[in-house]
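Have a look at the structure below before the remarks.
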Amino acid sequence: MTEVALLGTGLMGAPMARNLLKAGLPVRVWNRTRGKAEPLAADGAVVAGSPAEAVEGADVIVTMLSDGDAVHDAMTAAAPALRPGQVWAQMSTVGVAAVGRLAALAAEHGLTFADAPVQGTRQPAEQGTLLILAAAPEPARQALAPVFDAVGARTLWLGEDGAQGTGTRLKMAAVSYAISMTGIVAEALALAKGLGVDPGLVREVITGGPLDNVYFQAKSKAILEGDLEPSFTVHNAEKDTRLITEAGESAGVRLDMVAAAGERLRRAEAQGHGDQDMVATYFASFDEG
């Protein structure tokens, strides 16, 4: 049976760990703030005191941390217990520039590196319906299969060399759409309010028409009902806008929409909305959040 070490038990990592446990896989978890990992003991996880303790003996190591530096730090701390042949599924959103450094760290320790960021937020993570954008050598896929099957509805295989970062490159394009769309929805409802029109009427106009979609319905509903429970936080979305912008610059692609979304998210964070859902970008339209 595939033994899994999961480093990072935040908004995404914790539900992923629970789904791995539900699938019957032995799981050891670690989180920098131990209190976020300890509730998983009730689900059957072993809570490790260090990254090295978590990865010792694991067949597959999953990283689900905030950024490339956090992933690199955790895996460097795990180094004393790493062994050649372990498969490392790097599932965090780290940006294009970080992938090479992480792949080099894997190679240094004889690990098989899988670039495998996920598309989806807290709810798909809880439901085990994430889309996994993966690149890894064919022989590693057998070890990865039970892990990916437990946390995702589908794996889109994009190649055999994780070091090329194909999954991360695709993730940058996909998440730029989601973040920019959130800003557009929020701004439209904010404009209606500023003009003295019920923002709910914007939703009524869009519903059922060619511009309607599930995402518009979910985010406009959250704004209208003041439901800011995070599926993906303002803080993390702002981080991603910087990674996306950097990726665009490295490719010579101008990304005006996501740059503007980043400015809105930074204003919302300055207003105190950093830990709320990224739909709180709505408040960035007003002087007082």
Side-chain angles (χ1 to χ4, degrees), residues 1-31 36-48 54-55 58-66 71 74 86-94 114-136 140-158 162 166-168 170-171 174-175 177-179 182 213-215 217-219 221-222 227 229-233 236-237 240 277-279:
M1 185 174 293
T2 302
E3 294 191 19
V4 183
L6 191 149
L7 309 183
T9 59
L11 202 63
M12 298 288 288
M16 289 170 66
R18 289 191 174 96
N19 284 321
L20 290 166
L21 291 161
K22 287 177 185 175
L25 300 177
V27 180
R28 272 173 289 166
V29 297
W30 170 85
N31 196 72
K36 289 185 177 181
E38 285 177 341
L40 292 166
D43 297 284
V46 174
V47 180
V55 306
D59 300 300
V60 175
I61 301 164
V62 174
T63 46
M64 181 52 72
L65 294 156
S66 59
V71 172
Q86 288 176 302
V87 178
W88 173 13
Q90 202 309 103
M91 305 184 78
S92 323
T93 302
V94 299
D115 176 45
V118 299
Q119 181 71 9
T121 54
R122 177 176 56 86
Q123 291 90 342
E126 291 173 345
Q127 297 160 4
T129 57
L130 295 164
L131 172 61
I132 301 162
L133 311 176
R141 297 184 189 185
Q142 184 175 353
L144 291 167
V147 175
F148 288 176
D149 288 347
V151 302
R154 183 162 68 99
T155 299
L156 182 58
W157 286 106
L158 300 164
T166 311
T168 289
L170 181 56
K171 175 65 186 285
V175 77
Y177 171 82
I179 292 173
T182 303
N213 58 66
V214 173
Y215 195 79
Q217 291 294 332
K219 291 306 180 185
K221 182 174 185 285
D227 179 7
E229 181 181 358
S231 292
F232 191 63
T233 66
N236 282 332
D240 282 2
D277 189 81
M278 65 176 173
V279 80

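For the numbers below, each heavy atom of this structure counts, side chains included, while hydrogens, waters and symmetry mates do not. No experiment lies behind these values; they were computed from the predicted model shown.
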Query - By salt bridge (Lys or Arg N to Asp or Glu O under 4.0 Å) - contacts of Lys36 (at least two apart) - result: none
Query raised in the report: Got more than 12 heavy atoms from elsewhere within 6.0 Å of OH, Tyr177?
Result: no
Report summary line: Note: Leu40 and Ala14 closest approach over all heavy atoms is CD2-O, 3.7 Å
Please table the atom pairs, donor to acceptor, closer than 3.5 Å between any side-chain atom in residues 125-136 and protein atoms at least two apart or in another chain.
{"unit_1": "Glu126", "atom_1": "OE2", "unit_2": "Arg122", "atom_2": "NH1", "d": "3.2"}

Requested in this report: Report the residues that fulfil side-chain hydrogen bond (donor to acceptor under 3.5 Å, both in side chains) with Asp277, sequence neighbours left out, ordered by chain and then residue number.
Outcome: Lys219
Query raised in the report: Do the side chains of Met64 and Val118 get nearer than 4.5 Å, heavy atoms only?
Result: yes
**Report entry** Sub-4.5 Å side-chain heavy-atom contact between Met91 and Met12
**Finding:** no
**Report entry** Minimum heavy-atom distance Leu144-Ala114, with the two atoms named
**Finding:** CD1-CB, 3.9 Å
Query raised in the report: What's the spacing between Asp240 CG and Met278 CE if we round to 0.5 Å?
Result: 9.0 Å
Query raised in the report: Does Asp59 have any salt bridge (Lys or Arg N to Asp or Glu O under 4.0 Å) partners at least two apart in sequence or in another chain, and if so, which?
Result: Arg83
Report summary line: salt bridge (Lys or Arg N to Asp or Glu O under 4.0 Å) pairs touching residues 2-20, sequence neighbours excluded, are Glu3-Arg28, Arg18-Asp43
Query raised in the report: Looking at side-chain heavy atoms only, is the closest gap between Leu7 and Trp88 below 4.5 Å?
Result: no
Report task. List for me each residue that meets salt bridge (Lys or Arg N to Asp or Glu O under 4.0 Å) alongside Arg141, sequence neighbours excluded, and say none if there are none. Result -> Glu138
Report task. Answer yes or no: is there a side-chain heavy-atom contact under 4.5 Å between Gln217 and Val214? Result -> no
Query raised in the report: If you round to the nearest 0.5 Å, how far is OG1 of Thr121 from CG of Leu11?
Result: 8.5 Å
Query raised in the report: Any side-chain heavy atom of Lys221 sitting closer than 4.5 Å to one from Asp227?
Result: no
